[in-house]
There are 2 protein chains.
Amino acid sequence: MTLISEAGSERGTVTQLRAYLAQAELPEDGRLPPERDLSEALGVSRTELRKALGTLEAEGQIWRHVGKGTFVGSRPIDTFADLTALAKRTNPAEVMRARLIIEPEIARAAALTATPMHIAEMRTCQARTREAATWRQYENWDNRLHRTIAEAAQNTPLLGIFDTLNALRRAVTWGRLRSTPVKPRPDHHSFTEHDAIVDAIANRDMNGAAAAMRAHLQTVERNLLDRQSAPGE
Amino acid sequence: MTLISEAGSERGTVTQLRAYLAQAELPEDGRLPPERDLSEALGVSRTELRKALGTLEAEGQIWRHVGKGTFVGSRPIDTFADLTALAKRTNPAEVMRARLIIEPEIARAAALTATPMHIAEMRTCQARTREAATWRQYENWDNRLHRTIAEAAQNTPLLGIFDTLNALRRAVTWGRLRSTPVKPRPDHHSFTEHDAIVDAIANRDMNGAAAAMRAHLQTVERNLLDRQSAPGE
DNA sequence: AATCCAAACCAATACTGAATTGGTTGGAGA
DNA sequence: TCTCCAACCAATTCAGTATTGGTTTGGATT
């Protein structure tokens with residue numbers, strides 16, 4: 001073997017792969033055969049094939065994933081909608097900060113676009129939180145209230161973002177359940193704060209809605225931190 | 001079986017169920033035993049139990065799903081975990097509106113938390129957009145600039161949200177690529193607008209950063225709409 | 001000494017078939 | 001008519017197995 005063939009061994013495999021990709025009939029999803037098969041088909045060692053695949057991947061021609069396979073084209077756009085992966089890299093404080101940044105703006109938008117039906121549903125959720133006999137029920141209606149506000153913004157991507165944040169919150173807080181089985185006290189801070197938010201939205205007061213939501217979340221944040229610093233409450 | 005028990009059979013089962021729900025120790029997810037077991041445990045026929053469960057479901061106390069089971073609380077929101085599903089329900093205008101709501105707040109947060117390294121990277125991206133020889137290169141560095149701003153906010157969930165929005169934008173705009181192969185003109189609006197954003201962040205001017213980002217996105221939105229109303233540009 | 005290769009191993013994913021579960025139907029019986 | 005029971009249905013879950021890209025190891029080649 002000459003100097004050239006030696007020096008170009010990897011490049012050779014790359015061009016061979018390129019030719020294969022141009023010629024081969026790939027299935028609908030663009031998946032190409034597993035490395036073990038492909039290396040045999042091309043008459044190359046798996047090591048060498050993997051190096052070539054590596055350069056092609058660096059070029060963005062293909063993408064790979066353990067257990068899934070190797071595919072032509074660019075990686076599909078599911079990106080990091082994967083909550084569990086995100087949840088592992090973050091913590092409740094960060095999620096809370098993100099909520100503080102996002103949700104007031106959602107409330108602001110909702111103040112502009114909410115329909116009477118939305119507002120009526122918000123009031124219903126409010127009433128239900130007050131009637132709640134357990135914390136579970138309370139949180140249930142609290143969630144629903146916040147989501148109704150997000151729905152009132154009438155923006156699909158925004159609603160998706162809200163859901164993502166919400167799911168993230170649950171994933172991160174998972175395992176730290178409210179221990180007390182009693183129901184929320186009638187003077188629970190959220191009641192008046194929720195009132196302020198919904199009232200502002202009903203009055204089409206965008207700044208007020210944003211401010212009320214921010215104030216509410218800040219209270220929630222304070223409670224969260226307190227509970228962390230003094231566990232067992 | 002007496003007349004009373006017969007006449008009140010269903011109502012009786014409902015109250016019996018209510019008592020069960022109040023007393024029973026339910027697992028974390030609020031799932032209650034399968035109908036077949038529960039009917040035996042309560043000493044009721046499955047038919048009757050199902051009627052009672054039906055009324056409780058109508059009241060919103062529980063929710064059921066084939067194969068999953070029966071759960072207390074209200075039906076969880078079907079979150080669009082999948083971006084492609086979300087992309088099908090929305091449109092460029094909505095995505096643009098969502099960006100207008102979210103990204104200024106990200107810029108505001110970035111103004112507070114950006115490190116000198118972040119700012120330096122922003123300036124680099126800026127320079128690269130000016131040097132770009134093609135629209136593709138320009139958009140590449142433009143994307144990177146916006147993402148650096150999101151990184152500078154130093155909040156994992158926020159960055160995830162930004163990526164989601166970005167992926168959504170690409171998914172929705174997919175197919176309508178910029179046809180002109182020429183490079184951006186030196187007086188392209190984005191240049192000065194990007195300057196304003198980065199300057200504000202560097203000056204720790206939170207309101208300024210948010211305003212500049214909003215102004216920038218509004219210009220982008222206007223261009224987008226213009227292009228829609230006059231296709232082919 | 002440096003590479004390369006084949007095999008084994010690893011962890012993530014896909015796949016497959018059985019079991020579970022809410023929903024439905026049909027017949028027996030009161 | 002109504003209830004009950006059993007069987008059945010379709011959606012979902014679950015557990016075990018097979019694939020698959022990624023990594024390590026030991027030996028062979030140069």
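Chain identifiers are assigned alphabetically (A, B, ...) following the order of the sequence lines, protein sequences preceding nucleic acid strands; residue numbering begins at 1 within each chain.
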Margin query: Quick check for you: to the nearest 0.5 Å, what is the distance between B:Leu100 atom CG and B:Met213 atom CE?
Written below: 10.0 Å
Note to self: Rounded to whole Å, how long is the line connecting atom CG of B:Asp29 with atom C1' of D:dT13?
What the structure shows: 13 Å
Note to self: Distance check needed: D:dC4 C1' versus B:Glu40 CD, whole Å only.
What the structure shows: 15 Å
Item checked: Salt bridge present between A:Glu151 and A:Arg147 (N-O < 4.0 angstrom) -> yes
Next item on the list: Quickly work out the A:Phe71 CZ to D:dT20 C1' distance and round it to whole Å.
Entry: 10 Å
Check: Are B:Glu105 and B:Arg108 within salt-bridge range, i.e. N to O under 4.0 Å?
Finding: yes
Margin query: Rounded to whole Å, please give me the gap between CH2 in A:Trp63 and P in C:dT13.
Written below: 11 Å
Item checked: Axis bend over the full length of the helix from C:dA1-D:dT30 to C:dA30-D:dT1, computed from five pairs that close each end, to 10 degrees -> 10°
Next item on the list: Could you tell me whether a side-chain N or O of B:His146 sits under 3.5 Å from a main-chain N or O of B:Asn143, the two making a donor and an acceptor?
Entry: no
Next item on the list: Could you state the atom-to-atom distance from CG of A:Leu53 to P of D:dT23 in whole Å?
Entry: 14 Å
Next item on the list: Provide, to the nearest angstrom, the distance between the CZ atom belonging to B:Arg50 and the P atom belonging to D:dC9.
Entry: 17 Å
Check: Counting N and O atoms only, with roles assigned by atom type, does the side chain of B:Arg31 sit under 3.5 Å from a partner on the main chain of B:Lys68, one being a donor and the other an acceptor?
Finding: yes
Checklist line | Atom pair CG (B:Asp37) and CG (B:Leu32), whose distance is rounded to the nearest 0.5 Å | finding: 11.0 Å
Checklist line | Whole-Å distance separating the NZ atom of A:Lys51 from the P atom of C:dA6 | finding: 13 Å
Notebook entry, point to check: Between A:Arg97 and A:Glu94, is there a salt bridge with N-O shorter than 4.0 Å?
Noted result: no
Notebook entry, point to check: In whole Å, what is the span from the CZ atom of B:Arg64 to the C1' atom of D:dT12?
Noted result: 16 Å
Note to self: I want to confirm an ordering. Mapping A:Arg46 and B:Val44 to their closest nucleotides on DNA chain D, which one lands closer to the 5' end?
What the structure shows: B:Val44
Margin query: Distance alone, cut at 3.5 Å: any donor-acceptor contact between the side chains of A:Thr219 and A:His216?
Written below: no
Would you list the protein and nucleotides 17-21 of chain C atom pairs, both N or O, that sit under 3.5 Å from each other?
residue, atom, partner, partner atom, Å
C:dT21, O2, B:Gly67, N, 3.3

Checklist line | Residues B:Gln154 and B:Thr113: side-chain donor-acceptor under 3.5 angstrom | finding: no
